[in-house]
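See structure below.
Throughout, protein chains are lettered first and strands after them, A, B, ... in sequence-line order, and every chain is numbered starting at 1.
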There are 2 protein chains.
Amino acid sequence: MSEKSRRDLCDTYCPHEDKVARYKDRVLEVAGLSELFRALGDETRTKILYLLAEEEFCVCDLATILDMSLPAISHHLRLLRTMRLVKHRREGRMVYYSLADSHILELIRQAQEHFEEER
Amino acid sequence: MSEKSRRDLCDTYCPHEDKVARYKDRVLEVAGLSELFRALGDETRTKILYLLAEEEFCVCDLATILDMSLPAISHHLRLLRTMRLVKHRREGRMVYYSLADSHILELIRQAQEHFEEER
DNA sequence: TATATATTTAAGCAAGTGTTTAATTATACT
DNA sequence: AGTATAATTAAACACTTGCTTAAATATATA
């Protein structure tokens, strides 16, 4: 957006120029965080991570538990792998996945807390 | 997916039937959580929540800080409102938004921690 | 080496998401 | 009342996402 049109948004009182200037840089701190949340923003992936927090599973187990096709699960696992949220080890024909670290489980727990207070 | 095709996924070793049966119900616990994460899974919304965690802002302030149009911001605020993540109060022509509760800020903090350890 | 199986990859498609522009609503001021 | 302004809503569009089917890899076994 241009400087011009931005100023046009609110002519009189708003924007509270001091505030605005102060915070323009601050927001950069959270840039990129949403990528992590987006990974969790799919029910299948949340479930996968939740499961992997308990123990390791092969792709086929996950597909069966979540009632989805192998390619679909594999697709999600690839995304989670790219984001380094899960790790995998091969054992013969099968590939076992597990959580890369426990931060994610903490995120899920936190979200659950929020949810429980909603009611 | 049908029972048939599901069984076809892995014929021999997999699925580990006991595991699978045990976890099929467990995953229901996180159903719905992804909705919350999806709300955070957009950079604009994460930024909005991050800002509102500091102090209240009118729609126009947010639009200016985030360099976006009013309708775009309003659109995101509506979603956050529907999810009860933010609350608002009217003061004259302006509407001021603030965080509905602090759980969300905790989520953001947690995510930031995860991010910092990545490097 | 040939066949079977667990997983991954690729291509195509339907559905969802975020933005824009234009029109509408709500409040304030003259 | 009439005009101006902050915010919301609606419609349209481009873009992304997640699934499906089909083909390709990788490992194990006969």
Spacing of CG belonging to Leu52(A) relative to CG belonging to Leu85(A), to within rounding of 0.5 Å: 10.5 Å
Donor-acceptor contact present, side-chain Ser34(B) to main-chain Leu40(A), <3.5 Å: no
Protein-nucleotide distance (Arg38(B), atom CZ; dG16(C), atom C1'), rounded to Å: 10 Å
Set of residues satisfying ring-ring contact (aromatic ring centres under 6.0 Å, His included) with respect to Phe37(A), sequence neighbours excluded: none
Arg78(B), CZ: over 12 other non-hydrogen atoms inside 6.0 angstrom: no
Spacing between His88(B) atom NE2 and dT25(C) atom P, to the nearest angstrom: 18 Å
Side-chain N or O of Tyr97(B) closer than 4.0 Å to phosphate OP1/OP2 of dA6(D): no
Selection residues 90-110 of chain A - residue pairs positive for ring-ring contact (aromatic ring centres under 6.0 Å, His included), sequence neighbours left out: His88(A)-Tyr97(A), His103(A)-His114(B)
Difference in axis direction between the ends of the helix from dT1(C)-dA30(D) to dT30(C)-dA1(D), five pairs, 10°: 20°
Given dT19(C), dT21(C), dT7(C), the nucleotide with the shortest approach to the side chain of Pro71(B): dT21(C)
With sequence neighbours excluded, residues passing side-chain hydrogen bond (donor to acceptor under 3.5 Å, both in side chains) with Gln110(B): none
Set of side-chain hydrogen bond (donor to acceptor under 3.5 Å, both in side chains) partners for Arg90(B), sequence neighbours left out: none
Residues in ring-ring contact (aromatic ring centres under 6.0 Å, His included) contact with Tyr50(B), at least two apart in sequence or another chain: none
Atom-to-atom span, CZ of Arg89(A) to C1' of dT27(D) - whole angstrom: 15 Å
Closest-nucleotide ordering on DNA chain D, the 5'-leading residue of Ile73(A) and Glu91(A): Ile73(A)
Selection residues 27-40 of chain A - residue pairs positive for salt bridge (Lys or Arg N to Asp or Glu O under 4.0 Å), sequence neighbours left out: Arg26(A)-Glu29(A)
Protein-nucleotide distance (Arg93(A), atom CZ; dA6(C), atom P), rounded to Å: 6 Å
Partners passing side-chain contact (heavy atoms from CB on, under 4.5 Å) against Ser102(A) (at least two apart in sequence or in another chain): none
Atom-pair distance (CG on Leu40(B); C1' on dG18(C)), nearest Å: 16 Å
Contacts of Ala53(B) that satisfy side-chain contact (heavy atoms from CB on, under 4.5 Å) - sequence neighbours left out: Leu99(B), Leu105(B)
Per Leu70(B) side chain, nearest of listed nucleotides dT9(D), dA7(D), dT29(D): dA7(D)
Atom-to-atom span, CZ of Phe57(B) to C1' of dA7(D) - whole angstrom: 18 Å
Interatomic distance, Leu62(A) CG vs dC19(D) P [rounded to whole Å]: 13 Å
Whole angstrom value for the distance that separates P of dT27(C) from CZ of Arg90(B): 5 Å
Strand-adjacent residues in residues 74-81 of chain B, judged by heavy atoms under 4.0 Å from DNA chain C: His75(B), His76(B)
Residues touching DNA chain D, which here means a heavy atom under 4.0 Å, drawn from residues 41-52 of chain A: Asp42(A), Thr44(A), Arg45(A)
Thr44(A): side-chain contact (heavy atoms from CB on, under 4.5 Å) partners, not counting sequence neighbours: Asp42(A), Ile48(A), Leu66(A), Met68(A), Ile73(A), His76(A)
